[in-house]
Protein chains: 2
Amino acid sequence: MTLPSIDDTHDQTRSSWVESANGHSSFPLQNLPLGMFTLAGASTPRAGVAIGDSVVDLAALAQAGLLPEAAPMLDGDPAANALLGAAPEVRSAVRRRLCDLLDAGKPASDAARKRAGEFLHDASACRMLVPARIGSYSDFNAGIFHSARGGMRRGRSREEALLPNYRHIPIGYHGRASSVCVSDTPVRRPNGQFRLPDADAPVFGPSRKLDFELELGIWLGRNTELGEPVSIEEAATHIAGYSLLNDWSARDIQSWESERLGPFLGKSFGTTVSPWVITPEALAPFRLPAFERSGTDPRPLPYLLDEEDQRQGSLDLAFEVWLRPAGANEAVRISHSHARHLYWTPAQIVAHQASNGCNLRAGDLLGTGTITGPGHDNFGTFLDAIDAQHPVVRAGAAERTFLHDGDELTLTAHARREGFATIGFGHCRGAVVPAAPTKYRTA
Amino acid sequence: MTLPSIDDTHDQTRSSWVESANGHSSFPLQNLPLGMFTLAGASTPRAGVAIGDSVVDLAALAQAGLLPEAAPMLDGDPAANALLGAAPEVRSAVRRRLCDLLDAGKPASDAARKRAGEFLHDASACRMLVPARIGSYSDFNAGIFHSARGGMRRGRSREEALLPNYRHIPIGYHGRASSVCVSDTPVRRPNGQFRLPDADAPVFGPSRKLDFELELGIWLGRNTELGEPVSIEEAATHIAGYSLLNDWSARDIQSWESERLGPFLGKSFGTTVSPWVITPEALAPFRLPAFERSGTDPRPLPYLLDEEDQRQGSLDLAFEVWLRPAGANEAVRISHSHARHLYWTPAQIVAHQASNGCNLRAGDLLGTGTITGPGHDNFGTFLDAIDAQHPVVRAGAAERTFLHDGDELTLTAHARREGFATIGFGHCRGAVVPAAPTKYRTA
C-alpha cells in the first residue's frame with residue numbers, strides 16, 4: 001500500500017491570492033477538490049477545482065497553457081471520469097501545479113493571476129453536478145455501531161448484536177447508480193409498497209418512515225479488468241477521492257421488500273452526494289490507524305490485511321448532521337460522528353469489492369455505510385437515534401422520528417489537525433418534497 | 001398499456017435476399033434484433049442488426065441514405081443507447097424500413113441489394129459487444145418455481161415455501177453493471193470468502209459452488225426523470241427489447257455474505273448477456289396471458305395491475321440450457337424452461353422498478369430472475385436440479401452438482417408459433433476458466 005505523503009502542498013503557511021480561500025474556507029489552497037459544474041445558461045459540463053468561494057475551470061486553465069498535466073484528461077468523455085482515473089502520480093502533479101498557480105507567494109502564480117478572469121468563476125454562478133458519470137455504485141455496511149444497534153433493534157443481545165459474518169467481511173450490496181444526485185437536489189418522498197403494523201396485506205402509498213444515512217462516499221480511480229482482483233497493498237491507489245453521501249432510506253418500503261435479497265426501492269429513489277471529490281493527497285495529514293479490534297475479534301483474512309493500512313488506513317474526519325425542520329428558518333445540529341467508527345478501512349472495502357475479479361472503473365462510487373458512533377448523539381440515521389430512553393430527536397422546537405416533508409437535512413465533514421489547514425468537504429444537502437400524487441394509492 | 005401489434009412485418013411468407021436468413025436461421029427477416037459490434041481490426045463500436053448469418057451496419061446504411069429513420073440516433077453516444085431509447089413508434093418505423101430493404105420481393109430492396117457490400121458483414125467477422133452502455137442493472141426474482149424450491153431447501157413446507165412478500169411484490173435487488181459481459185466472454189471462477197461446512201471461521205479461495213442462472217434480460221428504452229414513476233399502463237413502452245442473461249452465481253460466497261443485505265460478490269464476477277436485443281415488435285405474435293394465479297393468491301396492488309398486461313403481458317418463449325462438460329466435444333441439453341413460469345410480467349417489473357420515482361435510462365438492464373419450471377428437467381440453475389432423488393445432473397458421461405473449470409454453458413431461447421416465423425435469441429454462452437492465482441488463498 002502506498003498512501004500519499006505529506007509534502008509542501010500541505011504547508012499551512014501557504015495562502016492563496018484568491019482571498020476567500022484563506023481563513024475559514026472549506027476549500028483552502030491545501031484542499032483543491034475536483035468537481036463538475038455548468039455555468040449559468042450553459043449546458044456543457046466542465047471540470048473544476050474549488051478554491052475558496054471560487055471554482056477554477058480546468059479546461060480554461062489548460063487552454064491557457066497553465067495546466068499541461070491535466071490537458072490530456074480534459075479531452076476525456078466525460079472529463080471527470082478521466083480525471084478520477086488518472087494515476088496517483090498524475091493527480092499529485094496536477095495538485096502541485098494548481099497549488100503553485102493559486103499560491104499568493106509563488107512566481108508561477110503571476111501568469112495565473114493575470115488571466116484569472118478567464119478561468120475563475122464565482123461558485124455562486126456555477127451549478128454543481130454529480131462529480132462523475134457513475135458506472136456502478138455499491139454500498140457497504142462498515143459502520144459497526146450502526147450494525148450493532150440494528151441487531152439489538154431486532155432483539156439480539158448486545159454481545160450477539162452483530163451477525164456472524166460481520167467481523168470477517170466488509171458486507172456490501174449493489175446500489176442504484178441512476179438515482180445518485182448532487183447536493184441541493186430535492187428528494188421526493190417515495191411511494192411504495194409496505195405493510196402497516198398488524199396488517200396481513202401490504203398497501204401502496206407515500207413512505208411514512210423516510211430516513212437519512214450519513215455515509216462517506218469513496219470515488220474510484222484507475223480501471224481494472226474483469227477477472228483481475230486488486231490486492232490490499234494496492235487498494236488505496238484505486239481511490240481517487242471522497243465525498244459525503246446521504247443514502248436516503250424509506251424504512252417501511254425497505255423492511256417489506258428486503259427479505260431475502262436486500263434493500264431495493266427503499267434506497268433507490270435518491271442518493272445525495274456532495275459535489276466535491278476530496279483527494280487522498282489533500283487528506284494525507286489526516287490518517288488514523290484502522291479500527292481497533294477487541295481481543296476476541298477475528299483477525300481479518302490476509303486479502304484484507306496490510307500493515308500500512310492497519311497503521312494509517314482510516315481517516316481523521318469529523319461529521320456533522322444538521323436538520324432544518326419544515327417551516328424553521330435555521331438548521332440545528334442534531335448529531336456528530338467520525339470516520340473512525342468504520343470497522344473497515346476504505347482500502348479494505350476496495351480490496352474486498354474487487355476480490356472476486358469484479359472490475360472497477362473510474363467514477364465508480366462506494367458508500368461506506370451509515371457512520372453511527374457509540375454515543376447517543378452520534379447517530380448517522382434516525383433509526384439509531386430512537387430508543388426507549390429517546391423517543392424523538394429534537395431540532396429546536398421540532399421533534400422527529402422520521403423526516404417530514406419540507407425538512408432539509410445537511411451533512412458536513414471536516415478534517416482538522418493542529419499545524420495543518422482544515423480541509424472541508426462542503427455540503428451534502430437535500431430537502432424533502434412531498435410524494436408524487438398517484439392514482440394507485442391505497443394507504 | 002400498448003403492446004405492439006402484429007402487422008405485415010410478421011408475415012411469414014416474406015423472405016430475405018440475404019439467403020441465410022431464410023429456413024432455420026434464428027434471425028429471419030421477421031426478427032431484426034439490435035446489437036453492437038466491432039469489425040476485425042477495428043475498435044469503434046458500430047450498431048448493427050442481425051439478418052441470417054450477416055450483420056447489417058446501420059450507420060453505413062444510413063450514410064447510403066437508406067435508413068433515414070435511424071440516422072439521428074446513430075450520432076448518439078453511444079449509438080446503442082440512443083437506438084434503445086427511441087420512442088416505440090420510431091423503433092417500429094426502423095423495423096418496417098429494414099424489413100422492406102432486406103425483403104427479397106420488395107422494390108425498396110433493389111437499392112439495398114446493390115449496395116449490400118457496403119453495409120453487410122459476415123457475422124463471423126464481427127465481434128459482438130454488450131448491446132448498450134449499461135447505466136444501472138437490477139435483478140429480480142420473478143421465477144416462482146425457483147423461489148419456491150429455494151424456500152423448501154431452507155426447510156419450509158411446500159405450502160409455506162414462498163415468503164410472505166413474494167406474491168405481493170416483484171422482489172428485486174441491484175446488480176453490478178461493470179461486470180456484465182457479452183456471450184463468449186470466458187467466466188473466471190471467483191475467489192472469495194466463504195465458510196466451509198461445520199467451520200466457525202471463513203476461508204478465502206476459489207469458489208467451490210459455481211452455478212449458472214437462466215434469466216431473461218429486459219433492456220430499457222425511454223428515459224424517465226428522477227421522481228417520476230412509470231404507470232403499469234405505460235410500462236411496456238419503456239421496454240426496448242429482450243436478451244438472454246446468465247447470472248453466474250458462486251453459491252458459497254453468496255450464502256456467507258448475503259446476511260442481511262443480499263447477494264453481492266457471489267454475483268458480481270460476471271453476468272453474461274446474449275448480444276442481440278430482440279425487440280417487442282418482433283415478439284408481438286408471441287404474447288401470453290400473465291401467470292395464472294391461484295384462487296388464494298392475492299390480487300396484485302393497483303399499481304401492478306393492468307387489464308391488457310394481464311391478458312397478454314407474458315411471453316411465449318422457450319429456453320434451453322446446454323452444457324459441454326470440460327473435455328467433451330459436444331454440448332448436451334440438460335434443461336428446458338419457459339417464460340410463462342415468471343410470476344410477474346416484464347411490465348409489472350418495470351412499473352415496480354420505477355414506482356418509487358427511481359429514474360430509468362435507455363440501456364438499463366433488468367434481469368427477471370431464474371426461470372425454473374415445475375418439472376425436474378425445467379431447472380434454471382443447478383441449485384434447483386439437485387434434491388434427494390436427483391443427486392447429480394448428467395450431461396453425457398459427466399455428472400455435475402456445480403460447474404467445473406472448462407465447462408461451457410449455453411442458454412438459448414426461441415419464440416415459436418404456428419403461422420409465424422420462429423424468432424431466435426442467439427446464444428448466451430460462457431466457459432469457466434480457473435480462478436486467478438492468489439497469494440492470499442487460505443482454502
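Within every chain, numbering begins at 1; the chains are lettered A, B, ... in the order of the sequence lines, protein sequences first and strands thereafter. Computed from a predicted model, the values in this text were never measured in an experiment.
- Heavy atoms of A/R154 lying under 4.5 Å from chain B belong exclusively to its side chain.
- At distances below 3.5 Å, not a single donor-acceptor pair connects side-chain atoms of A/D247 with backbone N or O atoms of A/E213.
- With a 4.5 Å cut-off on non-hydrogen atoms, A/L265 touches chain B through its backbone and its side chain both.
- Looking at A/I253 and A/K209, their side chains never come closer than 4.5 Å, going by heavy atoms from C-beta outward.
- B/R167 pairs by the salt bridge (charged side-chain N to carboxylate O under 4.0 Å, His left out) definition with B/D297, not counting sequence neighbours.
- Contacts between A/L301 and chain B at a heavy-atom distance below 4.5 Å involve the side chain alone, from C-beta outward.
- Counting heavy atoms from C-beta outward, B/Q348 and B/D309 have side chains that approach closer than 4.5 Å.
- For a residue to count as touching a neighbouring chain, one of its non-hydrogen atoms must lie under 4.5 Å from one of that chain's; by this rule A/P263 touches chain B with backbone and side chain alike.
- Interface summary for chain B: among A/Q353, A/K439, A/E257, A/R195, the most heavy-atom pairs under 4.5 angstrom belong to A/Q353.
- At a 4.5 Å heavy-atom cutoff, the contact between A/A177 and chain B is made by backbone and side-chain atoms alike.
- With a 4.5 angstrom heavy-atom cutoff, A/R441 does not touch chain B via any of its atoms.
- Proximity to chain B is limited to the side chain of A/L304, based on heavy atoms less than 4.5 angstrom apart.
- Residue contact with chain A, scored on non-hydrogen atoms closer than 4.5 Å, is absent for B/P206.
- Among residues two or more places apart in sequence or in another chain, the side chain to side chain donor-acceptor pair (under 3.5 Å) test is passed with B/S178 by A/N359, B/R176.
- With chain B as the partner, the residue from A/P190, A/G266, A/G172 showing the most heavy-atom pairs under 4.5 Å is A/G172.
- In this structure, the portion of B/L226 lying under 4.5 Å from any heavy atom of chain A is its side chain and not its backbone.
- For chain B, the nearby part of A/V203 is the backbone; its heavy atoms alone come within less than 4.5 Å.
- With no hydrogens or angles considered, no side-chain donor-acceptor pair links A/W248 and A/T271 at under 3.5 Å.
- Using a 4.5 Å cut-off between heavy atoms, A/L163 touches chain B through its side chain atoms alone.
- Contacts of A/D139 with chain B are absent, with no heavy-atom separation under 4.5 Å from either backbone or side chain.
- When heavy atoms are compared at a cutoff of 4.5 Å, A/F140 approaches chain B solely by way of its side chain, counted from C-beta outward.
- Across A/E259, A/H352, A/R260, the residue that shares the most heavy-atom pairs under 4.5 angstrom with chain B is A/R260.
- Geometrically, B/R133 does not engage B/W219 in a cation-pi contact defined by less than 6.0 Å to the ring centre and at most 45° from the axis.
- Using a 4.5 Å cut-off between heavy atoms, B/S207 makes no contact with chain A at all.
- Salt bridge status for A/R188 with B/E228: absent, with no side-chain N to carboxylate O gap under 4.0 Å.
- Checked options A/Y173, A/F264, A/Y137; the residue passing with B/H174 is A/F264 (criterion: ring pair (Phe, Tyr, Trp, His ring centres under 6.0 Å)).
- No side-chain donor-acceptor contact under 3.5 Å links B/R189 to the backbone of B/R208.
- Of the listed residues A/G357, A/G150, A/P202, A/S147, the one with more heavy-atom pairs under 4.5 angstrom with chain B than any other is A/P202.
- The backbone N or O of B/K267 lies less than 3.5 Å from no partner atom in the side chain of B/Q254, so there is not a single donor-acceptor pair.
- Between B/D211 and B/R251, at least one side-chain nitrogen of the basic residue sits less than 4.0 Å from a carboxylate oxygen of the acidic one, meeting the salt-bridge criterion.
- Of the atoms belonging to A/P186, not a single heavy atom falls under 4.5 Å from chain B.
- Heavy atoms of other residues, nucleotides or ligands lying less than 6.0 angstrom from CZ of B/R299 number 12 at most.
- Top candidate by heavy-atom pairs under 4.5 Å with chain B, chosen from A/C181, A/S258, A/P298, A/S231, is A/S231.
- Contacts between A/S355 and chain B at a heavy-atom distance below 4.5 Å involve backbone atoms as well as side-chain atoms.
- With respect to chain A, the highest number of heavy-atom pairs below 4.5 Å among B/S268, B/G192, B/G227 belongs to B/S268.
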